Amino acid sequence: MKKMLLLSILMMLVCVNASAQQYVYYKSTGTHVNVREGPGKNYGIVEYSGAYGSEGIVQLDKGVIVASDGIVRNGFRHVFYAGTYNLWEDGWVSQQYLKRCVRCSVCKGKGYFNRKCPECNGTGVHSCCDYTGKARCNSCYGVGYK
């Protein structure tokens, strides 16, 4: 009985710790940086199928910000990026093309302010403010990191 209780507590702590994981943000320093399916050049480049039948490979342009869970293998970092329809997808990017971002000092990393979005007057019905109704930070373009 004690073993089961200890095992249950241990599993609960592992689950809580996993859900509290912090992400670090990185900016792409190159143009047409490939996002790969695995940690190495021997892995294929991630492909996408977009709107209206468009297809292609996933590449980061210079300045694109991605999130990382901290996993690094073979010089490649595991990242999360805004994929098709702005849904978060994951892949691997060579570390040589990533620079760690710093928190925006203007909005304190939030990406927005507590005042109304001037575009939609705070209604949040348009994508101008990511449907929050709050004004985006012009310094970091609503990302929260530079």
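Quantities reported herein were computed from a predicted structural model and do not represent experimental measurements. All heavy atoms count here, side chains included; hydrogens, waters and symmetry mates do not. Quick note: residue numbers are just sequence positions, from 1.
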Step-by-step side chain to side chain contact (heavy atoms under 4.5 Å, CB included) determination, Ile57 to Val46: CA-CA 6 Å; Ile57 57 174; Val46 175; over 6 Å; no
Worked check of side chain to side chain contact (heavy atoms under 4.5 Å, CB included) between Val79 and Leu98: CA-CA 10 Å; Val79 299; Leu98 295 174; 4.2 Å; yes
Side-chain heavy-atom pair Lys116, Asn121 within 4.5 angstrom cut-off: yes
Smallest separation among heavy atoms of Pro39 and Arg73, with atom names: CB-O, 3.5 Å
Side-chain heavy atoms of Ile45 within contact of Val35, under 4.5 Å: no
Modelled atom types, side-chain donor and acceptor of Lys146 and Ser139, under 3.5 Å: yes
Test ring-ring contact (aromatic ring centres under 6.0 Å, His included) applied to Tyr145 - qualifying residues, sequence neighbours left out: Tyr25
Qualifying ring pair (Phe, Tyr, Trp, His ring centres under 6.0 Å) pairs, either residue in residues 53-78, two or more places apart: His78-Phe80, His78-Trp92
Hydrophobic cluster membership, Val24 vs Val64, 4.5 Å side-chain cutoff: yes
Full working for side chain to side chain contact (heavy atoms under 4.5 Å, CB included) between Val106 and Phe113: CA-CA 10 Å; Val106 176; Phe113 300 105; 3.7 Å; yes
4.5 Å side-chain heavy-atom contact, Tyr48 and Glu55: no
Tyr131 side chain near Val125 side chain, heavy-atom distance below 4.5 Å: no
Sequence neighbours excluded - side chain to side chain donor-acceptor pair (under 3.5 Å) pairs with any residue from residues 95-112: Arg77-Gln95
Shortest non-hydrogen contact between Val66 and Tyr81, atoms and distance: CG1-CB, 3.9 Å
Side chain to side chain contact (heavy atoms under 4.5 Å, CB included) between Lys134 and Cys117, intermediate numbers included: CA-CA 5 Å; Lys134 297 180 180 180; Cys117 170; 6.0 Å; no
Smallest separation among heavy atoms of Gly111 and Cys107, with atom names: N-SG, 3.1 Å
Shortest non-hydrogen separation from Lys41 to Arg36 and the atoms involved: O-NH1, 3.5 Å
Exceeds 12 heavy-atom contacts within 6.0 angstrom, atom CG of Asn42: yes
Approximate separation, where rounding is to 0.5 Å, of Ile65 CD1 and Cys140 SG: 7.5 Å
